[in-house]
Enquirer: 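Quick one: structure below, then a few questions.
Below, each value reflects all heavy atoms present in this structure, side chains not excepted, and no hydrogens, waters or symmetry copies. Everything quoted here is computed from the prediction, not taken from an experiment.
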Amino acid sequence: MTGRRKLQPKPKRKAPAPAPAAASEVDPLADARIRPFVERYCDLAGVKLLDKGADLRELKLPPAERAHFQGRASLRLALSLDALERSPDAEIAVLGSPFLTHLIEAIRTRAGRLSLGLIPPPAPEDAQDVTAATAPPVPLRDGTARRTKTGLAAHPIGRLIARVVLRAGAAVEEAVVESDVFDLSTGTRASDDVAGLFQNLETRVLKPAAADEMPDAGEVPPRKPEEMLRLLLGNLREKNAERVAVLQAAAEKQVATELDRLDRYFASILADRSDSEAEGTITALHERRRAEEVRRHQGKAIVHPLQLVEARVLVQRAEWELKSAHGRRAQLAAQRPLAGTAAWTVACPHCGTPPTELVVCKHEHCTCDACSMRCSVCAEDFCADHGIATCRIDEQPACEEHARVCQSCRMAHCSTHEGVCAEGDHPACSACLESCGSCGRVVCNRHAQQSRADAPKGSRRLCTACVRYCEGGTNEPVGVDEVTQCASCSKSVCTVHQAACVVDGQVHCSRHLHRTDASRRLVCGEHRVSCAEEPAAIFASDEVEACPVCGENACAQHRGACAYCGRQVCTTDLAQPSRRCLTCSQLAATLEPPAEVVSAARSVTGRSGAPRTFRAWRIARDHTHYVVEVDLGLTRKTVFTLRHGDTVPDRIVRHSVLGSKQRR
């Protein structure tokens with residue numbers, strides 16, 4: 001606002017504009033503020049305003065202004081509905097109309113600030129003498145005051161005109177509002193006398209003082225633009241609080257109705273769903289829609305500053321140097337506007353309100369008791385901009401020097417309640433620091449986790465070095481002293497949820513443990529096998545045996561003993577009804593048996609000598625063994641099995657007319 005060009009009124013225009021209507025007199029079809037607003041814009045921007053009848057005007061736009069009105073050189077403006085009926089091609093000047101949008105754009109571009117000049121000062125004999133003011137009119141806390149200067153000064157005063165759009169749900173309200181008149185240097189609201197003179201100057205009932213009437217007085221600069229705008233917008237917020245409350249109350253009723261409709265709608269959908277995954281998706285969508293409705297019905301105020309109208313008023317000033325008990329120094333000024341019957345006023349330089357007690361901030365500026373606090377650490381006074389109002393631990397104030405922000409909880413605290421986290425050696429508040437339940441190190445909440453009550457050692461605080469997650473998840477933190485590593489994948493498994501393989505006895509996580517289908521025992525992946533007859537079933541490695549004939553695994557249900565060689569073979573290789581295995585049924589005579597077979601036969605029969613000492617040999621070979629039949633005469637036969645590479649038989653069966661007998 002301050003960087004835009006100031007436009008002074010043209011001296012040739014004599015007709016005064018009508019006074020602005022009160023802030024509460026807002027007509028929904030034609031705002032009373034728009035008419036003087038248009039006339040003021042035309043006066044300042046060099047736009048010819050021609051009277052074409054009752055409430056009907058024609059604007060002749062100079063080239064510089066046509067860009068804001070879609071390049072038109074002239075336009076007709078109706079200030080009432082009757083005028084619009086008489087001239088249908090005219091534009092209506094109401095809130096929300098295209099014309100008002102174009103007008104606001106033109107004003108904010110070319111006439112954002114209107115300077116009215118100096119309010120005429122009173123006669124010299126009417127001015128009060130300030131030489132007798134030796135002490136400030138407000139007491140000073142724990143300090144002394146010394147008057148340093150008295151004299152006259154010109155203070156800037158002004159008010160802000162803005163367009164305010166209020167939104168809450170489907171309701172939208174728009175209005176042009178004006179703030180009260182404020183002293184733009186001290187931030188105090190102007191008295192009724194000064195505000196009345198300001199309005200007379202604005203409506204040209206009162207002429208500004210000429211340059212030669214200006215006494216020898218210094219110019220007091222206004223506040224920074226952001227501070228000035230914050231002050232004036234705060235006043236607009238106060239003046240529109242009632243309208244906002246009414247709009248928000250209506251929006252709350254609407255959102256309650258809409259939320260009830262959404263709840264009933266999604267409840268009916270969930271009633272027809274049994275899939276847990278689908279229920280989670282629907283619930284998430286329900287919460288998102290509720291949040292959208294609540295956000296849509298929240299009250300919002302959009303303020304478009306249109307114009308800052310300012311003037312200057314001559315004031316008498318008295319300045320004091322304040323000194324606190326700690327040696328801090330600050331400046332204070334009291335003033336009395338030389339207009340009407342205004343009295344001496346002192347405004348807090350920080351908040352702009354009249355103080356009941358003055359305080360010197362430790363950063364050496366003056367503030368009031370309402371916006372100052374005393375530090376609980378150093379016992380010095382400070383203002384709200386240079387410290388915190390409450391420490392999160394003891395709720396006591398702390399100055400900027402002793403205020404901290406915890407890196408863990410991001411909350412403000414004082415230096416008295418500060419400690420150091422052992423994880424990274426960073427500072428944190430004492431409320432966030434606690435010892436690790438495993439190693440004892442002091443860590444903050446950001447670098448610690450709390451185990452659950454059903455953990456092996458109960459609920460404990462654990463630092464990042466000591467925390468482990470059962471089976472690698474993130475929802476079950478436990479201590480390093482509460483876990484064992486999985487023998488398969490090295491993941492941590494807590495002692496409550498760990499289990500061991502029945503074959504090797506080692507601990508494994510649930511991902512690598514499976515129950516067998518028949519015995520329901522837990523086995524790890526290494527000792528998990530299947531039967532050749534039931535490939536989909538799970539067995540432990542000690543529940544199956546490899547068939548010596550085909551080499552395939554077979555469970556007890558699918559194994560049987562060969563009636564001739566005595567071995568356990570799978571039912572596929574066991575012939576029925578002879579109950580002989582496939583190898584025994586394929587025995588073939590041989591004259592030259594292998595040397596290891598001969599050696600094994602000697603140890604079985606006790607005979608020495610060459611193979612021909614035996615009456616007959618029959619041999620068959622399968623996946624793991626030689627099956628050898630030796631004819632000993634007199635219907636006696638010995639059948640033994642010899643594992644490949646061995647010289648000692650592992651199974652011996654003798655057959656005779658009297659029956660079969662297994663020796664080994």
Enquirer: Is the shortest heavy-atom distance from the side chain of Cys375 to the side chain of Lys362 under 4.5 Å?
Expert: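 The answer is no; the side chains never approach within 4.5 Å.
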Enquirer: Taking the side chain from Ser599 and the backbone from Ala595, do they hold a donor-acceptor pair closer than 3.5 Å?
Expert: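 Checking the backbone N and O of Ala595 against the side chain of Ser599, no donor-acceptor pair under 3.5 Å is found.
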Enquirer: Quick check against the 3.5 Å criterion: does Arg404 have a side-chain atom that pairs as donor or acceptor with the backbone of Glu418?
Expert: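 Answer holds: no.
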Enquirer: Check the side chains of Glu482 and Thr495 for a donor-acceptor pair under 3.5 angstrom, ignoring hydrogens and angles.
Expert: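 Side-chain D/A pair, Thr495 to Glu482: absent.
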Enquirer: Within the 3.5 Å criterion, strictly below it, is a donor on Glu533 or Thr572 matched to an acceptor on the partner's side chain?
Expert: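 Short answer, yes.
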Enquirer: Does some side-chain heavy atom of His402 sit less than 4.5 Å from a side-chain heavy atom of Cys378?
Expert: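 Yes, their side chains come closer than 4.5 Å.
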Enquirer: Spell out, as yes or no, whether a donor-acceptor pair under 3.5 Å connects the side chain of Arg460 to the backbone of Gly437.
Expert: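 Between the backbone of Gly437 and the side chain of Arg460 there is a qualifying donor-acceptor contact (under 3.5 Å).
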Enquirer: Quick one: does Val244's side chain get under 4.5 Å of Leu166's, heavy atoms only?
Expert: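 Val244 vs Leu166: side chains touch.
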Enquirer: Of all the heavy-atom pairs spanning Arg579 and Gly560, show the shortest one and how long it is.
Expert: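 So the minimum-distance heavy-atom pair works out to NH2-CA, 4.3 Å.
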Enquirer: Does Phe382 have its ring centroid less than 6.0 Å away from the ring centroid of His363?
Expert: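 Phe382 vs His363: aromatic centres not under 6.0 Å.
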Enquirer: Quick one about Asp369 and Thr356 (side-chain donor to acceptor, distance below 3.5 Å, no hydrogens or angles considered), yes or no?
Expert: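 Yes, because at least one side-chain N or O of Thr356 sits under 3.5 Å from a partner of the opposite role on Asp369.
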Enquirer: Could you tell me the separation between the OG atom of Ser541 and the NE2 atom of His527, rounded to the nearest 0.5 Å?
Expert: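 Interatomic distance, Ser541 OG to His527 NE2, rounded to 0.5 Å: 5.0 Å.
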Enquirer: Taking salt bridge (charged side-chain N to carboxylate O under 4.0 Å, His left out) as the definition, give me every residue that meets it alongside Arg374, ordered by chain and number, with sequence neighbours left out.
Expert: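 Listed in chain order: Asp142, Asp381.
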Enquirer: Using modelled atom types and a 3.5 Å cut-off, is there a donor and acceptor pairing between side-chain atoms of Thr583 and backbone atoms of Val549?
Expert: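 No; zero donor-acceptor contacts below 3.5 Å.
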Enquirer: Quick one: does any side-chain atom of Arg468 pair with a main-chain N or O of Ala465 as donor and acceptor, under 3.5 Å?
Expert: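 Yes; judged by distance alone, with no hydrogens or angles, the pair exists.
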Enquirer: Atom CZ of residue position Arg515 - does it have more than 12 heavy atoms of other residues, nucleotides or ligands inside 6.0 Å?
Expert: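 Count over threshold, so yes.
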Enquirer: I need the Thr647 OG1 to Leu642 CG distance, nearest 0.5 Å.
Expert: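 Going from the OG1 atom of Thr647 to the CG atom of Leu642 covers 7.5 Å.
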Enquirer: To the closest 0.5 Å, what do you measure between CE (Met373) and SG (Cys399)?
Expert: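 So the CE of Met373 and the SG of Cys399 are separated by 10.5 Å.
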Enquirer: How close do Leu462 and Gly479 get, heavy atom to heavy atom, and via which atoms?
Expert: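 Closest heavy-atom pair between Leu462 and Gly479: CD1-N, 3.5 Å.
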Enquirer: For the pair Glu364 and Arg329, find out whether any cationic side-chain nitrogen is under 4.0 Å from an anionic carboxylate oxygen.
Expert: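 No salt bridge links Glu364 with Arg329.
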Enquirer: Where do Glu380 and Arg328 land on the salt bridge (charged side-chain N to carboxylate O under 4.0 Å, His left out) test, with the steps shown first?
Expert: CA-CA 10 Å; Glu380 284 201 59; Arg328 310 291 185 183; 2.9 Å; yes
Enquirer: Within the supplied structure, the quantity of interest is the number of heavy atoms (other residues, nucleotides, ligands) at a distance under 6.0 Å from Arg289 CZ; does it exceed 12?
Expert: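 Buried by this count: over 12 neighbours within 6.0 Å.
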Enquirer: Please determine if Glu423 and Arg441 form a salt bridge, counting it only when a charged side-chain N lies under 4.0 Å from a carboxylate O.
Expert: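 Here Glu423 pairs with Arg441 in a salt bridge, since their nearest N and O are under 4.0 Å apart.
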Enquirer: Do the charged groups of Glu293 and Arg290 touch, with an N to O distance under 4.0 Å?
Expert: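 Looking at Arg290 together with Glu293, the answer is no, because their closest N to O distance does not fall below 4.0 Å.
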Enquirer: With no hydrogens and no angle check, do the side chains of His508 and Ser488 hold a donor and an acceptor under 3.5 Å apart?
Expert: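 Checked: His508/Ser488 side chains pair up, N/O donor to acceptor below 3.5 Å.
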Enquirer: Within the structure provided, determine whether Val627 and Arg567 are in side-chain contact (heavy-atom separation under 4.5 Å).
Expert: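 Of all side-chain heavy-atom pairs linking Arg567 with Val627, at least one is under 4.5 Å.
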Enquirer: Taking atom types as modelled, is there a side-chain donor on Thr390 or Glu395 under 3.5 Å from an acceptor on the other?
Expert: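 No, no side-chain donor-acceptor contact under 3.5 Å.
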Enquirer: For Cys414 and Cys391, work out which heavy atoms get closest and say how close.
Expert: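 Result for this residue pair: N-SG, 3.4 Å.
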Enquirer: Going by atom types only, do His625 and Asp650 share a side-chain donor-acceptor pair under 3.5 Å?
Expert: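 Yes, Asp650 and His625 have a side-chain donor paired with an acceptor closer than 3.5 Å.
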Enquirer: Minimum heavy-atom separation for Pro355 and Leu358, please, with both atom names.
Expert: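 Heavy atoms of Pro355 and Leu358 come nearest at CG-CD2, 3.8 Å.
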Enquirer: Nearest 0.5 angstrom please: Asn445 CG to Cys406 SG, how far?
Expert: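 The SG atom of Cys406 is 7.5 Å from CG of Asn445, to the nearest 0.5 Å.
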Enquirer: Return yes if some donor-acceptor pair links the side-chain N/O of Thr624 with the main-chain N/O of Pro548 below 3.5 Å, else return no.
Expert: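 Pair found, side chain donor or acceptor close to backbone of Pro548.
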Enquirer: Where the side chain of Glu287 meets the backbone of Ala284, is there a donor-acceptor pair that is under 3.5 Å apart?
Expert: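 Flag not set: sc Glu287 to bb Ala284 has no pair under 3.5 Å.
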Enquirer: Quick one: do Thr484 and Val493 satisfy side chain to side chain contact (heavy atoms under 4.5 Å, CB included)? Show the steps, please.
Expert: CA-CA 5 Å; Thr484 304; Val493 186; 5.5 Å; no
Enquirer: Classify the side-chain pair Gln450/Ser459 by whether it contains a donor and acceptor separated by less than 3.5 Å.
Expert: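 Gln450 vs Ser459: donor-acceptor pair found between side chains.
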Enquirer: Looking at His365 versus His386, is the centre-to-centre ring distance below 6.0 Å?
Expert: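 When the ring centroids of His365 and His386 are compared, they turn out to be within the sub-6.0 Å range.
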Enquirer: Does any donor atom in the side chain of Gln248 or His297 lie under 3.5 Å from an acceptor atom in the other side chain?
Expert: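 His297 and Gln248 do not have a side-chain donor-acceptor pair below 3.5 Å.
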Enquirer: Check this for me, if you would: do Glu543 and Arg521 make a salt bridge, where the nitrogen-to-carboxylate-oxygen distance has to be below 4.0 angstrom?
Expert: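 Yes.
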Enquirer: Is it the case that over 12 heavy atoms from other parts of the model lie below 6.0 angstrom from the CD atom of Gln396?
Expert: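 Counting other residues, nucleotides and ligands, CD of Gln396 exceeds 12 neighbours.
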Enquirer: Would you give the length of the straight line joining atom CZ of Arg452 to atom SG of Cys470, rounded to the nearest 0.5 angstrom?
Expert: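 With rounding to 0.5 Å, CZ (Arg452) is 9.0 Å from SG (Cys470).
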Enquirer: With a 6.0 Å cut-off (strictly less than), is the heavy-atom count around CD of Glu242, excluding the residue itself, greater than 12?
Expert: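 Check fails, neighbour count at 12 or below.
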Enquirer: Report yes if the side chains of His558 and Cys531 come closer than 4.5 Å at any heavy-atom pair, otherwise no.
Expert: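 The answer is yes, as the side chains (C-beta and beyond) meet within the 4.5 Å cut-off.
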Enquirer: Would you mind reporting whether Cys383 and Cys371 have side-chain heavy atoms less than 4.5 Å apart?
Expert: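 Of all side-chain heavy-atom pairs linking Cys383 with Cys371, none is under 4.5 Å.
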Enquirer: Ignoring hydrogens, what is the shortest heavy-atom contact between Thr516 and Ala540? Give both atom names and the distance.
Expert: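 Closest approach of Thr516 to Ala540: CG2-N, 3.4 Å.
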Enquirer: Taking the side chain as every heavy atom from C-beta outward, state whether Glu526 and His512 have any atom pair closer than 4.5 Å.
Expert: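 Heavy-atom side-chain distance check fails, nothing below 4.5 Å.
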Enquirer: Kindly indicate whether the side chain of Val569, heavy atoms from C-beta on, has any atom under 4.5 Å from the side chain of Arg559.
Expert: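 No, their side chains stay 4.5 Å or more apart.
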Enquirer: With no hydrogens and no angle check, do the side chains of His623 and His644 hold a donor and an acceptor under 3.5 Å apart?
Expert: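 No donor-acceptor contact under 3.5 Å links the two side chains.
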Enquirer: Nearest 0.5 Å please: distance from the CG atom of Leu140 over to the NZ atom of Lys323.
Expert: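 Going from the CG atom of Leu140 to the NZ atom of Lys323 covers 12.0 Å.
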Enquirer: Check the pair Ile619, Tyr626 against side chain to side chain contact (heavy atoms under 4.5 Å, CB included), reporting the backbone distance first and the verdict last.
Expert: CA-CA 7 Å; Ile619 302 175; Tyr626 285 107; 4.1 Å; yes
Enquirer: Minimum heavy-atom separation for Cys421 to Cys444, with atom names?
Expert: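 Shortest heavy-atom contact: SG-N, 3.3 Å.
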Enquirer: For Val648, does its backbone N or O pair with a side-chain atom of Asp646 as donor and acceptor, under 3.5 Å?
Expert: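 Not confirmed, Asp646 side chain does not pair with Val648 backbone.
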Enquirer: Would you check, one step at a time, whether the test side chain to side chain contact (heavy atoms under 4.5 Å, CB included) holds for Asp573 with Cys547?
Expert: CA-CA 9 Å; Asp573 296 324; Cys547 174; 3.4 Å; yes
Enquirer: Take Ser492 and Val478 through the test side chain to side chain contact (heavy atoms under 4.5 Å, CB included) and record every step on the way to the result.
Expert: CA-CA 9 Å; Ser492 298; Val478 291; 6.0 Å; no
